[in-house]
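Labels below follow one simple rule: chain letters A, B, ... track the order of the sequence lines, proteins then strands, and each chain is numbered from 1. Please read these numbers as outputs of a predicted model, since none were measured by experiment.
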Amino acid sequence: MAIVFEKTKGLSNVETHYCPGCTHGIIHRLVAEVLEEMDVLPKAIGVSPVGCSVLAFKYFNIDFQEATHGRAPAVATGIKRVHPDKVVFTYQGDGDLASIGTAEIVHAAHRSENITTIFVNNAIYGMTGGQMAPTTLPGQKSTTSPLGRDPKHAGMPLKISEMFATIPGTAYVERVSVHDPVSIRNAKKAIRKAFEYQVAGKGFAMVEVLSTCPTNWGLSPVDSLTWLKDNMIPYYPLGNYKTLEEVK
Amino acid sequence: MAKVTFNEDLCKGCELCSTACPVSIIKMDKTKINAKGYHPAAVEDMAKCLGCANCAMICPDVVITVER
Ligand SMILES: Cc1ncc(C[n+]2csc(CCOP(=O)(O)OP(=O)(O)O)c2C)c(N)n1
Ligand code: SF4
Ligand code: SF4
């Protein structure tokens, strides 16, 4: 028998602090597998956010820099401009990217910084205990919307991929999910493309990954996958939102 | 012939692997408690394993190795 699946060298041996069934772990693995398969582990530099993935630097077997809340794109801009030969990416949650850090990510995309962003949309602030995020769905309960998000005063959830597709500087924007093995395989392909755009020097590339937060959604890990599929995907349709030109 | 191996003490008992298995052979082993305090995932009848690696694909904690 031959090994058909084993842990990628892109991940360290540190056990993650993530809650059982939290899909941050799957997304970490996909990024690490892509970097290994592209043979760029020695020259990859990640920038971790503030949020549950604040400790991502411990879990990857590559260089990493921790940024302040929302500022990962600014830090990644500096790293990439000083080290244009490195493969630089940010890994950010929806509170980090779509709330406190909106200015940084919009302008990094607008300047078409040659970096890759992995945007993890779990429709909530996980780390701080389940507050409403800009991406929380209408009617979704959180600690700051105990009766469910009311769009009348909280607005409708921000559709980041759709918005970024309109920014002239973006080269590649795709929304994927990790709720079942098929969607996970597709997510990996999109992440690979986003890194290939960077290596080809095409400019800013982003993959939005729909993710679960069983703990703050108040659901079991298995029910969370179903909730994501039934509630998040209809509002956040999967697919490619921008492809500047095909990169081989 | 196929085989899955669990790095048992890393398992968080989330059950995602058992829902992803097309032949439903993964169950949480209620007779065991691992170092983290969870009932770890285990395969009941390895002869039925397809080696599809769906379980490994969905495991957030990279607990599973698959051979075929
Ligand atoms: C300047 C600043 N403001 C607020 C916080 C508190 N804070 C920490 S994480 C977080 C949001 C995390 O949510 P998200 O980015 O969606 O990531 P998740 O934890 O869900 O993965 C907030 C508001 C902080 N650490 N720093
Ligand atoms: S709080 Fe939510 S996002 Fe954070 S580790 Fe737990 S399940 Fe994952
Ligand atoms: S998916 Fe991984 S962590 Fe979850 S029960 Fe299965 S082996 Fe354990």
More than 12 heavy atoms from other groups under 6.0 Å of CD1 on B/I33: no
Surrounding NZ of B/K36 (heavy atoms of other residues, nucleotides or ligands, distance under 6.0 Å), is the total greater than 12? yes
Contacting moiety of A/H24, where chain B heavy atoms sit under 4.5 Å: neither
Looking only at A/R185, A/H179, A/E33, most heavy-atom pairs under 4.5 Å shared with chain B are made by A/R185
Identify all side-chain donor-acceptor contacts of residues 17-27 of chain B below 3.5 Å with residues at least two apart in sequence or on another chain.
unit_1: B/S18; atom_1: OG; unit_2: B/E15; atom_2: O; d: 2.9
unit_1: B/T19; atom_1: OG1; unit_2: B/L16; atom_2: O; d: 2.7
unit_1: B/K27; atom_1: NZ; unit_2: B/S24; atom_2: O; d: 3.2

Can you tell if the side chain of B/P60 reaches within under 4.5 Å of the side chain of A/Y18, non-hydrogen atoms only? no
State whether the number of non-hydrogen atoms from other residues, nucleotides or ligands found under 6.0 Å of B/M1 atom CE is greater than 12. no
Give a yes or no answer on whether the side chain of A/K7 reaches the backbone of B/V63 with a donor-acceptor pair at less than 3.5 Å. no
Pick one of side chain, backbone, both or neither for B/C52, based on which atoms fall under 4.5 Å of a heavy atom in chain A. backbone
Does the pair B/I58 and A/V178 meet the rule for a side-chain contact (heavy atoms from CB on, under 4.5 Å), with working shown? CA-CA 8 Å; B/I58 207 162; A/V178 289; over 6 Å; no
Quick check on A/I27 against chain B: is it the side chain, the backbone, both or neither that has a heavy atom closer than 4.5 Å? neither
Please indicate whether B/D45 has more than 12 foreign heavy atoms, meaning atoms of other residues, nucleotides or ligands, lying under 6.0 Å from its CG. yes
Given that the side chain runs from C-beta out, which part of B/N54 has a heavy atom under 4.5 Å from chain A: side chain, backbone, both or neither? both
Note: vs chain B, highest number of non-hydrogen pairs under 4.5 angstrom among A/E6, A/E15, A/H28, A/R29 is A/R29
About how many Å separate NZ of B/K12 and SG of A/C19, when rounded to the nearest 0.5 Å? 8.0 Å
Per-residue contact mode, A/I3 against chain B (heavy atom under 4.5 angstrom): both
Please report the shortest heavy-atom distance between B/M57 and A/I184, naming the atom on each side. O-CD1, 3.6 Å
Closest heavy-atom pair, B/C14 versus A/P221, reported as atoms and distance to 0.1 Å, is O-CB, 3.7 Å
Please list, one pair per line, the donor and acceptor atoms closer than 3.5 Å that link side chains of residues 48-62 of chain A to other protein atoms, with sequence neighbours excluded.
unit_1: A/S48; atom_1: OG; unit_2: A/E66; atom_2: OE1; d: 2.7
unit_1: A/Y59; atom_1: OH; unit_2: A/H17; atom_2: N; d: 3.1
unit_1: A/Y59; atom_1: OH; unit_2: A/H17; atom_2: ND1; d: 2.6
unit_1: A/N61; atom_1: ND2; unit_2: A/K9; atom_2: O; d: 3.0

Minimum heavy-atom distance B/V62-A/F5, with the two atoms named: CG1-CE2, 4.4 Å
